[in-house]
Amino acid sequence: MHYLAEGLRLPTNGLDYTILAIYFVVVLGIGFAARASVRTSLDFFLSGRSLPAWVTGLAFVAANLGATEILGMAATGAQYGVAVVHWYWIGAIPAMVFLGLVMMPFYYRSKVRSVPEFLLQRFDKSAHLLSSVLFAFAAILIAGVNLYALSIVVEALLGWPQWVAIVVAGLFVLVYITIGGLSSAIYNEVLQFFVILAALIPLTLLGLKRVGGWDGLTGSLEKSHGSDFLSAWGGTGIGDANPLGANWLTIILGLGFVLSFGYWTTNFAEVQRALSAKNLSAAQRTPLIAAFPKIFIVFLVMIPGLVAAVLVPKIGTPGSDLTYNDAIPLLMQELLPNGVLGIAVTGLLAAFMAGMAANVSSFNTVFTTDIWARYVKKDQPDAYYLRFGRLITAIGVLASIGTAFIAASFSNIMSYLQTLFSFFNVPMFVVFIIGMFWKRASMKSGVWGLVAGTTAAMINYFVIYKQGIIDIPTDQGANFVSAIVGFVAGAVVMVAVTLFTAPKPEAELAGLVYGTESPDAGEAPAEGDSAWYRKPALLGWGAIVLAALCYVPYSF
């Protein structure tokens with residue numbers, strides 16, 4: 001297990017701890033306030049489908065902007081350079097727009113409580129059960145990543161051993177999610193979004209000032225790392241060498257399509273926020289509203305990583321006691337005065353709690369509604385499932401504490417996350433996308449597509465890449481290839497199985513396949529939804545155009 005580099009302790013004082021204490025009191029206060037609205041299991045798992053679009057939109061981006069995003073993307077910037085923009089402008093925005101414009105009508109109108117439940121309606125129980133188990137397992141692993149990321153910060157703040165930080169932080173999140181359910185998580189995520197920005201903006205500005213501004217930063221990096229380190233597409237020709245270890249084809253197909261769409265459209269930790277919106281229009285606008293801040297957040301995580309690469313040239317290199325994950329705590333120690341340091345620490349803890357709460361709340365929903373209520377304890381009173389949801393939340397947090405120690409073995413937690421996404425999200429995405437656009441896809445093809453996609457991605461990573469059968473320069477490059485392999489294998493097997501098995505009766509596909517009309521497809525828009533800023537299509541195209549304009553400086 002990696003422990004934070006010796007001597008990397010933050011010079012906090014009473015002012016910093018006061019800011020931190022105030023924040024924790026507010027978080028718990030929100031949890032207790034949300035408790036009053038939790039009367040049914042729907043309230044606990046989906047906030048009673050009552051939240052406005054601006055709340056769910058900010059929660060949507062905050063749920064993704066966890067500690068893994070901040071520490072991991074800064075680590076990726078320090079390791080791979082400007083190529084980190086791919087995870088945002090190619091690897092997020094298009095998929096978020098697709099979710100809002102194309103997939104949310106399927107999710108919301110079907111009145112499902114989870115992503116696996118949609119697979120039950122489209123395919124059969126075997127696809128539903130397998131996807132539920134895979135998702136629940138992945139959610140616990142990813143929650144553990146957030147917990148480990150937090151332990152890095154707490155160790156730097158208090159000098160606690162990592163295992164103590166992991167246990168204490170996990171129990172705190174357990175309290176506020178168990179009390180207030182999803183509403184508590186979402187309203188805290190809205191608060192956390194602004195606290196995170198308050199932490200990252202001064203860190204970015206002071207980092208740039210320390211290295212002589214943007215010109216000083218790029219000049220230093222070009223000398224030490226080469227020009228490709230400062231170009232998103234530099235050296236990405238097939239067969240060329242570049243810091244990321246991936247070519248343009250694997251970036252576009254592996255990250256831009258398979259990994260990106262697999263994460264943003266089927267990861268219930270994100271989709272759950274949109275499903276809690278008050279109507280279909282608000283549900284569609286949720287990921288589109290989130291896309292606009294997502295376009296610019298990349299600068300707040302990339303620049304600190306680049307600054308760390310200048311200030312600590314040996315970070316992440318063999319023989320150094322600093323891993324890439326240490327980039328943000330290192331800059332906090334070096335750059336921030338007391339008071340601002342307290343805000344920054346609070347922001348990182350907020351980021352951790354947003355990410356972990358998103359995964360734990362999605363885990364308790366899937367485990368309760370898709371596994372326990374459907375296959376173990378059927379037809380129980382609603383109060384029973386509300387109690388069980390709180391119990392499984394506690395179990396999920398305890399399991400996350402265990403998986404946090406797995407994440408500690410990776411020097412770049414974002415590489416670890418992308419590995420998990422290629423194993424779990426990609427196979428689910430291929431089953432979704434084929435099931436949604438091909439009416440003939442049979443009921444049995446879903447489960448076999450999941451099995452084939454997951455197995456192929458794991459074989460590519462653990463056997464073909466790790467055993468050196470094919471030389472792939474970096475873990476990230478291997479993740480892109482694993483995603484493509486998993487997608488292709490799942491698609492081929494689904495087509496093959498469909499040719500030899502019976503399709504689902506066409507009458508049961510209404511509203512589940514593109515081009516078929518759901519029973520309430522003609523519902524009238526909610527009152528006040530005629531304004532241009534309430535139209536999902538305009539918001540979606542606006543996000544795409546803005547992201548494309550941002551890409552111009554990096555396209556040469």
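We're numbering straight along the sequence, starting at 1.
The main-chain N or O of Val307 is never found under 3.5 Å from a side-chain atom of Arg210 such that the two would form a donor-acceptor pair. A donor-acceptor pair under 3.5 Å is absent between the side-chain atoms of Ser220 and the main chain of Leu217, judged by distance alone.
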For this session: Before giving the answer on side chain to side chain donor-acceptor pair (under 3.5 Å), spell out for Ser482 and Ser422 the whole-Å C-alpha distance, their side-chain angles and the decisive distance to 0.1 Å.
Result: CA-CA 6 Å; Ser482 295; Ser422 68; 4.8 Å; no
For this session: List the steps, then state whether side-chain contact (heavy atoms from CB on, under 4.5 Å) holds for Leu336 with Leu203.
Result: CA-CA 7 Å; Leu336 299 183; Leu203 192 66; 4.0 Å; yes
For this session: Show your reasoning for whether side-chain contact (heavy atoms from CB on, under 4.5 Å) applies to Val258 and Phe480.
Result: CA-CA 8 Å; Val258 181; Phe480 297 165; over 6 Å; no
Below 3.5 Å, can you tabulate the donor-acceptor pairs from side chains in residues 168-175 to any protein atom, sequence neighbours excluded?
none

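Within the model, atoms CG of Leu197 and CD1 of Ile343 stand 12.5 Å from one another, a figure rounded to the nearest 0.5 Å. If you take NZ on Lys209 and OG1 on Thr204, they are separated by 15.0 Å, rounding to the nearest 0.5 Å. A distance of 9.0 Å separates CD1 of Ile22 from OG1 of Thr346, quoted to the nearest 0.5 Å. Atom CE of residue Met103 and atom CD1 of residue Ile433 lie 5.5 Å apart, to the nearest 0.5 angstrom. With values rounded to the nearest 0.5 angstrom, Leu311 atom CG is found 6.5 Å from Leu331 atom CG. In this structure, OG1 in Thr265 is found 10.0 Å from CE in Met428, a value given to the nearest 0.5 Å.
When all heavy atoms are compared, the tightest approach of Val97 to Leu288 is CA-CD2, 3.6 Å. Between Ser362 and Ala139, the closest heavy-atom pair is OG-CB, 4.4 Å. The shortest non-hydrogen separation linking Leu101 to Gln284 is O-NE2, 3.6 Å. The heavy-atom pair separating Leu230 from Leu221 by the smallest distance is CD2-CD1, 3.8 Å. Listed here is the closest heavy atom pair of Met302 and Val85: SD-CG1, 3.8 Å. Contact between Pro293 and Val61 at its shortest, heavy atoms only, is CG-CG1, 4.4 Å.
Side-chain contact between Ile196 and Ile70: present, with at least one pair of heavy atoms (C-beta onward) separated by less than 4.5 Å. Taking 4.5 Å as the limit, some side-chain heavy atom of Leu300 sits within range of a side-chain heavy atom of Ile201. Contact check for Tyr80 versus Phe229: no side-chain heavy atoms found under the 4.5 Å cut-off. Contact check for Phe194 versus Leu58: side-chain heavy atoms found under the 4.5 Å cut-off. For the pair Leu20/Asp16, no side-chain contact is recorded, criterion being any heavy-atom separation below 4.5 Å from C-beta on. A 4.5 Å side-chain heavy-atom check between Val301 and Tyr88 finds at least one atom pair inside the cut-off. Annotation: side chain of Phe60 is in contact with side chain of Leu99 (closest heavy-atom distance under 4.5 Å). When side chains are defined from C-beta on, Ser400 does not count as touching Phe363, because their heavy atoms never get closer than 4.5 Å.
Here Phe424 and Tyr263 keep their ring centres 6.0 angstrom or further from each other. Ring centers of Phe299 and Trp89: under 6.0 Å apart, within the cut-off. No close placement of the Phe429 and Trp264 rings is indicated, their centers lying 6.0 Å or farther apart. Ring pair Phe487/Phe261: centre-to-centre distance not below 6.0 Å.
Legend: side chain to side chain donor-acceptor pair (under 3.5 Å) pairs involving residues 193-202, not counting sequence neighbours: none detected.
The aromatic rings of Tyr461 and Phe423 lie perpendicular to each other, with more than 60° between the two planes, well past the 30° mark.
Of the candidates Ile484, Asn479, Val485, Val485 is the only one forming a side-chain contact (heavy atoms from CB on, under 4.5 Å) with Val481. Here the options are Ile252, Val298, Ile251, the test is side-chain contact (heavy atoms from CB on, under 4.5 Å), and the partner is His86; only Ile251 passes.
Within a 6.0 Å radius of CZ in Phe137, no more than 12 heavy atoms belonging to other residues, nucleotides or ligands are found.
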